[in-house]
Protein chains: 2
Amino acid sequence: MQIHTRMTKQKRVIVEELAGMRTHPTANEVYQLVRSRLPKISLATVYRNLEQLSEDGSIRRIDICGSQRRFDPIVEPHHHMRCNICKSVYDLPVQKLEELEGCMGKCGEYTLTGYNLAFCGVCHRCDK
Amino acid sequence: MQIHTRMTKQKRVIVEELAGMRTHPTANEVYQLVRSRLPKISLATVYRNLEQLSEDGSIRRIDICGSQRRFDPIVEPHHHMRCNICKSVYDLPVQKLEELEGCMGKCGEYTLTGYNLAFCGVCHRCDK
DNA sequence: ATAACTGCAAATTATTTGCATGAGC
DNA sequence: GCTCATGCAAATAATTTGCAGTTAT
């Protein structure tokens, strides 16, 4: 980790493309998007920027979805759901779990600082 | 997936070694354990058996811990916490989240069938 | 000027698969 | 005996790293 980070052309385009997306793209999906504007960008640069942006809190990294990491431009607390069939990840309109916030802090011999909650199920498109 | 599964020597030892473990081992950790009793077993066999056992509900697969899948012999609902520092995964003595159960079923346009909740923080060993 | 960032290619890590042989039921 | 399971080796997939050249501050 570094002390100073710089705003590069690549980072700016990554942030711009991610903004507003609600599909929780993987690194490779972000790479494909960004490539239409910066054809020479490399996948490693996308990985490095997504990682750095997660670290400074600009975006949210979603580690709960099986083998592939996903990214979310919305950092405010909310929950996700992953369809067992199509594997898409959606935002969930469940806001009533503030009880979770009450778990933060000291909990037995652990100090809890955050959590990941992911539901699984079937989405409207796959539910026939 | 197959219709009939068989109880092999390898599967039996994997189940026996896993039973009672509270460290949520990775496939490779299970492999190392089992190897002391079955030196010729291969890592692929361990992966195949852990996957099969998760599918038939005999063990629980934990997909929420970053890049490595972990396994838990306890299938009853409970929550986990992963230390940010040592990356260990612990059981959590938080049982008051039954509200989560109330979220199952229809939720907007989704049908929720399960969830994964993992806390992160710092464990007693790393908290100095 | 200097430290951070890039693209590229190669390396790593975790997991899966093809296949010939072996073993439960 | 018929499948399913195994061991091995090779393949895949996701992510990370080394490095020499480039760029933001």
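Order of the sequence lines fixes the chain letters, A, B, ..., with proteins taken first and strands second; residue numbering starts at 1 for each chain.
When heavy atoms are screened at a 4.0 angstrom cut-off, A:Lys9 is found touching no nucleic acid atom at all. Residue B:Glu51 is out of contact with every strand shown, counting any heavy-atom pair closer than 4.0 Å. At the heavy-atom level, B:Asn49 lies under 4.0 Å from the strands shown only through sugar-phosphate atoms.
For the pair A:Arg48 and A:Ala27, nearest-nucleotide mapping onto DNA chain D gives the more 5' position to A:Ala27. Looking at which nucleotide of DNA chain D each of A:Thr5 and B:Leu38 is closest to, the 5′-most match is held by B:Leu38.
A:Gln68 places its CD atom 13 Å from the P atom of C:dT16, with the value rounded to the nearest Å. The NZ-C1' distance, from B:Lys11 to C:dC25, rounds to 13 Å in whole Å. C:dA14 atom C1' lies 17 Å from atom CD1 of B:Ile62, rounded to whole Å. Summarising the geometry, the separation between CG on B:Asp56 and C1' on D:dA5 is reported as 15 Å, rounded to the nearest angstrom. Nucleotide C:dT15 holds its P atom 13 Å from the CZ atom of A:Arg69, rounded to whole Å. Counting to the nearest Å, the P atom of C:dA14 and the OH atom of B:Tyr31 are 14 Å from each other. The interatomic distance linking B:His4 (NE2) with D:dG1 (P) rounds to 19 Å, in whole Å. What separates CD of B:Glu29 from P of C:dT15 is a distance of 11 Å, to the nearest Å.
Put simply, A:Gln52 has no side-chain N or O that comes within less than 4.0 Å of OP1 or OP2 on C:dA4. A:Arg70 has no side-chain polar atom (N or O) that falls below the 4.0 Å cut-off from OP1 or OP2 of D:dA14. A sub-4.0 Å separation between OP1 or OP2 of C:dG7 and a side-chain N or O of A:Gln10 is present.
Scanning for side chain to side chain contact (heavy atoms under 4.5 Å, CB included) contacts around B:Thr111 gives A:Asp127, B:Lys106, with sequence neighbours left out.
Here the side chain of B:Ile41 is nearest to one of D:dT15, C:dC8, D:dG7, namely D:dG7. Side-chain atoms of A:Thr8 lie closest to C:dT6 of the nucleotides D:dA5, D:dT16, C:dT6. Distances from the side chain of B:Ala44 to the nucleotides C:dT17, C:dG7, D:dT16 place C:dT17 closest. Closest approach to the B:Tyr47 side chain among D:dA5, C:dA14, D:dC8 is made by C:dA14 (side chain taken as heavy atoms from C-beta onward). Nearest nucleotide to the side chain of B:Arg6, out of C:dT17, C:dC8, C:dG24: C:dG24.
Between B:His79 and B:Tyr115, the ring planes lie tilted relative to each other; the angle falls in the 30° to 60° range.
Under the 3.5 Å distance criterion, with hydrogens and angles disregarded, a donor-acceptor pair is assigned to the side chains of B:Asp72 and B:His78. The closest side-chain donor-acceptor pair between B:Glu17 and B:Tyr31, if any, does not fall under 3.5 angstrom.
Looking only at distances, a side-chain donor or acceptor of A:Arg70 sits under 3.5 Å from a matching main-chain atom of A:His24.
The existence of a salt bridge linking A:Arg61 and A:Glu51 is confirmed by a sub-4.0 Å separation between a basic side-chain nitrogen and an acidic carboxylate oxygen. Looking at A:Lys11 and A:Glu16, no side-chain N of the basic residue comes within less than 4.0 Å of a carboxylate O on the acidic one, giving no salt bridge.
Residues A:Phe119 and A:His80 keep their aromatic ring centres 6.0 Å or farther apart.
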Protein N or O to nucleotides 10-12 of chain D N or O, pairs below 3.5 Å:
none

